[in-house]
Amino acid sequence: MAANESSLFFAALALPCIPLRAFASGSIWLGVGAFLVQFMVQGAWGVIPAYLNVLVLVREGTRAVLPGFVYQLGNVIAAGNATRNVTRTVLTDPSSKLGP
């Protein structure tokens, strides 16, 4: 099974699992639903790094650098989230205990 076929297969399998997780009647079913959804998401997206590195989508000289670069780029994008959230909370709710 090719990488794109595997992604579509697991994404389709995840759809029936969503109501089990979203509308669970007890903690056992919530855990079962969460496990199944996470399993399907990992199955759908877990093949993407291999798909990008193995195929000719990435030049041979950058194959070793690309995963680390993308990881660090994600860190740079996410680095300001905490500061932005605190600033927004302080500005919108002056009675919060986050401000000076």
Would you mind telling me which of Leu36, Leu30, Val37 makes a side-chain contact (heavy atoms from CB on, under 4.5 Å) with Leu20?
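Answer to the side-chain contact (heavy atoms from CB on, under 4.5 Å) test with Leu20 among Leu36, Leu30, Val37: Leu36.
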Val86: which of Thr83, Thr89, Val90 passes side-chain contact (heavy atoms from CB on, under 4.5 Å):
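Filter result, single survivor: Val90.
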Side chain to side chain contact (heavy atoms under 4.5 Å, CB included) partners of Ile77, counting only residues at least two apart
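Testing Ile77 for side chain to side chain contact (heavy atoms under 4.5 Å, CB included), a comparison that skips the adjacent residues, returns Leu73.
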Under the side chain to side chain contact (heavy atoms under 4.5 Å, CB included) rule, collect the residues that match up with Arg84, sequence neighbours excluded.
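Per chain and number, Arg84 pairs via side chain to side chain contact (heavy atoms under 4.5 Å, CB included) with Asn81.
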Is there a side chain to side chain contact (heavy atoms under 4.5 Å, CB included) between Phe10 and Phe39 once you walk through the steps?
CA-CA 9 Å; Phe10 279 104; Phe39 185 83; 4.2 Å; yes
To check you understand the geometry: which heavy-atom pair defines the closest contact between Pro16 and Pro19, and what is its length?
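Minimum heavy-atom contact is O-CD, 3.4 Å.
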